[in-house]
Amino acid sequence: MPFKINSSLRSLVEKHLPADYSAGCVFTPVEGLSSESWRIESPTHRYLARLESAEKQLLGIDRRRENRLLRHLSSTGIAPQVLRWAYPWLVVSWVDGETLSQALFFSAEQQRQLAALLARLHGVAPQGEVLDIRRRLGRYWQAIDRRRLTPAWLRVHQRMMKRSPPKALKTAVTHMDIHPENGVVSPQGTRLIDWEYAVSADIALEFAALFRGNGYSPSQQSQLLLDYARCGGYPDLVRLEAQIRLWQPWLDYLMLMWFEVRWQQTADARYTLWAQPLRQQLFSEFQ
Ligand SMILES: Nc1ncnc2c1ncn2[C@@H]1O[C@H](COP(=O)(O)OP(=O)(O)O)[C@@H](O)[C@H]1O
Ligand SMILES: Cc1ncc(C[n+]2csc(CCOP(=O)(O)O)c2C)c(N)n1
């Protein structure tokens with residue numbers, strides 16, 4: 001059965017990528033049922049078209065921001081190139097290669113490459129608005145299912161919203177969603193894809209997310225930070241590690257809220273399962 005291609009995507013390619021269009025393009029959805037991302041293949045090129053949707057906006061995703069950040073990074077070679085941003089579609093280059101497996105991601109070689117990549121990324125000056133984590137949490141709060149709220153949760157939320165987030169150690173462009181499937185081994189080295197949560201933010205928040213999201217052991221954390229500093233990343237590891245710890249509750253709460261919003265959007269029980277340990281931990285810290 002042929003897939004139903006959004007007609008706005010077809011006309012975008014016809015208008016803005018006419019050579020590819022007339023050579024004949026194949027459109028394939030890359031992301032299951034919702035078909036929010038499409039691979040476009042012409043005889044000579046491959047692209048990925050990413051849709052801006054209300055659901056994505058609620059999560060803090062903004063294709064206009066993604067477009068600006070990717071263009072800002074275009075000379076670094078660590079991210080896909082933007083071909084076209086025409087609301088609601090962002091068309092980027094397809095990165096050829098295999099995505100990383102969990103085992104490969106944690107290999108010494110890939111961790112060294114990731115350290116070097118992060119040192120390069122965090123050397124890029126911030127672009128656009130700096131992440132306002134309380135504003136993002138406030139938006140997630142508006143989107144969660146009211147019936148799931150408890151007095152303990154309300155207490156945690158109010159205290160978090162009254163606190164000031166850590167003062168940034170160093171603000172730079174951050175990816176904010178690094179995990180094995182977002183790393184592609186290309187002939188030119190490992191690259192990161194899926195920049196939809198990328199934002200100018202404190203570099204320590206990036207590490208808090210990377211370590212927590214991927215279950216880094218303390219020694220894996222130290223090794224990555226050591227390599228990062230050696231490659232020209234932030235040199236004061238004592239300060240950096242302390243700053244990562246300061247971000248921990250914010251990151252945990254952000255993850256909890258994101259899981260809740262995703263659960264609300266999808267009714268997929270895995271999200272509540274993943275949220276449970278975070279909830280327990282945060283709620284006991286705020287007793
Ligand atoms: N620029 C890219 N180059 C190559 N593959 C990509 C690129 N972007 C995404 N992919 C692949 O397409 C899949 C879907 O991507 P994406 O639209 O970001 O969905 P999701 O956010 O659900 O992972 C990814 O898992 C990845 O394997
Ligand atoms: C600044 C910022 N705002 C929102 C998000 C979205 N987000 C929060 S948790 C999560 C999944 C992590 O789970 P796991 O790593 O366990 O898959 C995602 C995608 C983000 N990454 N950064």
Side-chain angles (χ1 to χ4, degrees), residues 28-41 45-53 55-63 65-66 69-70 73 78-83 89-102 105 129-140 143 165 173-186 188 190-216 247 250-263 265-266 268 270-271 273-278:
T28 319
V30 292
E31 205 194 351
L33 298 174
S34 62
S35 297
E36 291 196 328
S37 296
W38 291 82
R39 192 167 70 178
I40 306 168
E41 282 181 284
H45 293 100
R46 277 171 157 193
Y47 310 110
L48 179 77
R50 296 158 75 72
L51 182 68
E52 165 104 36
S53 66
E55 210 172 60
K56 294 264 183 187
Q57 278 170 358
L58 207 59
L59 295 165
I61 292 164
D62 173 354
R63 299 286 180 221
R65 181 187 69 224
E66 190 178 342
L69 284 171
L70 287 176
L73 294 173
I78 56 182
Q81 301 287 326
V82 173
L83 270 298
W89 292 102
L90 176 65
V91 183
V92 302
S93 58
W94 185 265
V95 179
D96 280 315
E98 292 282 316
T99 56
L100 293 169
S101 62
Q102 178 84 6
F105 179 80
E129 250 182 85
V130 173
L131 173 71
D132 180 339
I133 197 161
R134 281 189 298 194
R135 198 165 72 196
R136 181 150 307 175
L137 288 169
R139 284 180 65 185
Y140 285 0
V173 176
T174 62
H175 181 284
M176 284 309 296
D177 193 18
I178 299 174
H179 55 79
E181 298 80 50
N182 281 344
V184 176
V185 184
S186 80
Q188 295 79 28
T190 302
R191 295 198 195 165
L192 291 176
I193 57 171
D194 202 356
W195 290 74
E196 58 191 8
Y197 290 105
V199 64
S200 297
D202 187 6
I203 56 166
L205 181 62
E206 175 107 283
F207 288 109
L210 172 68
F211 294 159
R212 184 64 112 216
N214 295 284
Y216 272 63
W247 276 112
W250 293 91
L251 192 271
D252 288 345
Y253 194 47
L254 185 74
M255 283 177 78
L256 168 63
M257 294 296 265
W258 186 85
F259 288 141
E260 287 288 340
V261 178
R262 289 299 289 147
W263 179 76
Q265 290 181 339
T266 62
D268 185 334
R270 282 177 306 173
Y271 292 117
L273 207 68
W274 292 330
Q276 191 50 31
L278 287 169

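Side chains included, hydrogens not; waters and symmetry mates left out as well; all remaining heavy atoms used. Counting from 1, the numbers follow the sequence of the chain as shown. Counting convention: from 1, in listed order, for ligands and their atoms alike.
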Quiz item: Measuring to protein heavy atoms, does anything land under 4.0 Å from atom 9 (S) of ligand 2?
Solution: yes
Quiz prompt | Side chain Thr174, main chain Val199, donor-acceptor under 3.5 Å | solution = yes
Quiz item: Identify the closest protein heavy atom to atom 21 (O) of ligand 1: which residue and atom is it, and at what distance?
Solution: Asp194 OD2, 2.9 Å
Quiz prompt | Check ion pair Arg212-Asp252 (N to O, under 4.0 angstrom) | solution = yes
Quiz item: If you measure every N/O of Val95 against every N/O of ligand 1, is any gap under 3.5 Å?
Solution: yes
Self-check item: Nearest protein heavy atom with distance in Å, relative to atom 8 (N) of ligand 1
Solution: Leu48 CD2, 3.0 Å
Practice problem: Look at atom 25 (O) of ligand 1 and say whether a protein heavy atom is found at less than 4.0 angstrom from it. | Solution: no
Quiz item: What protein heavy atom is closest to atom 14 (C) of ligand 1, reported as residue, atom name and distance in Å?
Solution: Val30 CG2, 3.8 Å
Quiz item: Would Arg135 and Glu129 pass as an ion pair if we require N to O under 4.0 Å?
Solution: yes
Quiz item: Can you tell which part of Leu131 has a heavy atom less than 4.0 Å from ligand 2: side chain, backbone, both or neither?
Solution: side chain
Quiz item: When you measure from the centre of the six-membered ring of Trp89, is the NZ or CZ of Arg63 under 6.0 Å away and within 45° of the axis?
Solution: no
Practice problem: Please report which non-hydrogen protein atom sits nearest to atom 22 (O) of ligand 1, along with the residue it belongs to and the distance in Å to one decimal place. | Solution: Glu31 OE2, 2.9 Å
Quiz item: Do Glu55 and Ile61 come close enough that some side-chain heavy atom pair is under 4.5 Å?
Solution: no
Quiz item: Can you tell which of Trp250, Phe259, Trp274 gets a heavy atom nearest to atom 13 (O) of ligand 2?
Solution: Phe259
Quiz prompt | Pairwise side-chain contact, Val91 with Leu48, heavy-atom cut-off 4.5 Å (strictly under) | solution = no
Quiz prompt | Test ring pair (Phe, Tyr, Trp, His ring centres under 6.0 Å) applied to Trp274 and Tyr271, step by step | solution = CA-CA 5 Å; Trp274 292 330; Tyr271 292 117; 5.6 Å; yes
Self-check item: Heavy-atom proximity to atom 18 (O) of ligand 1, best of Arg50, Arg39, Glu36, Arg46
Solution: Arg50
Self-check item: Val92 and Leu83, any side-chain heavy atoms less than 4.5 Å apart
Solution: no
Practice problem: Write out the residue and atom name of the closest protein heavy atom to atom 5 (C) of ligand 2, then the distance separating them to 0.1 Å. | Solution: Tyr197 CD2, 3.4 Å
Quiz item: Are Asp96 and Ser186 side-chain neighbours, meaning at least one heavy-atom pair lies under 4.5 Å?
Solution: no
Quiz prompt | Check ion pair Asp194-Arg50 (N to O, under 4.0 angstrom) | solution = yes
Quiz item: What is the nearest protein non-hydrogen atom to atom 14 (P) of ligand 2, stated with its residue, atom name and distance?
Solution: Gly213 O, 4.1 Å
Quiz item: To the nearest 0.1 Å, how far is atom 4 (C) of ligand 2 from its closest protein heavy atom, and which atom is that?
Solution: Tyr140 OH, 3.3 Å
Quiz item: Can you find a pair of side-chain heavy atoms, one from Leu137 and one from Trp250, that are under 4.5 Å apart?
Solution: yes
Quiz item: When you look for heavy atoms under 4.0 Å from ligand 1, do you find them on the side chain of Glu196, its backbone, both, or neither?
Solution: side chain
Quiz item: In terms of residue, atom name and distance, what is the protein heavy atom nearest to atom 6 (C) of ligand 1?
Solution: Ile193 CD1, 3.6 Å
Quiz item: Nearest non-hydrogen atom to atom 20 (C) of ligand 2 belongs to which of Arg262, His179, Met176, Arg136?
Solution: Met176
Quiz item: Any Lys/Arg nitrogen of Arg262 or Glu260 sitting under 4.0 Å from an Asp/Glu carboxylate oxygen of the other?
Solution: no
Exercise. For Glu196 and Glu66, indicate whether the former's side chain and the latter's backbone hold a donor-acceptor pair under 3.5 Å.
Key: no
Quiz prompt | Numbering as shown, the atoms of ligand 2 that approach Leu254 to under 4.0 Å (heavy-atom distance) | solution = 1 (C), 2 (C), 3 (N), 4 (C), 22 (N)
Quiz item: Just distances here: any N/O of Asp177 and N/O of ligand 2 closer than 3.5 Å?
Solution: no
Quiz item: What's the shortest distance from atom 11 (C) of ligand 1 to any protein heavy atom, and which residue and atom give it?
Solution: Trp94 CH2, 3.9 Å
Quiz prompt | For atom 1 (N) of ligand 1, the protein heavy atom that lies nearest, with its residue and separation | solution = Ser93 O, 3.1 Å
Quiz prompt | Distance from atom 17 (O) of ligand 1 to nearest protein heavy atom, with residue and atom | solution = Ser37 OG, 2.5 Å
Exercise. Provide, to 0.1 Å, the distance between atom 12 (C) of ligand 2 and the closest protein heavy atom, together with that atom's residue and name.
Key: Met255 CE, 4.1 Å
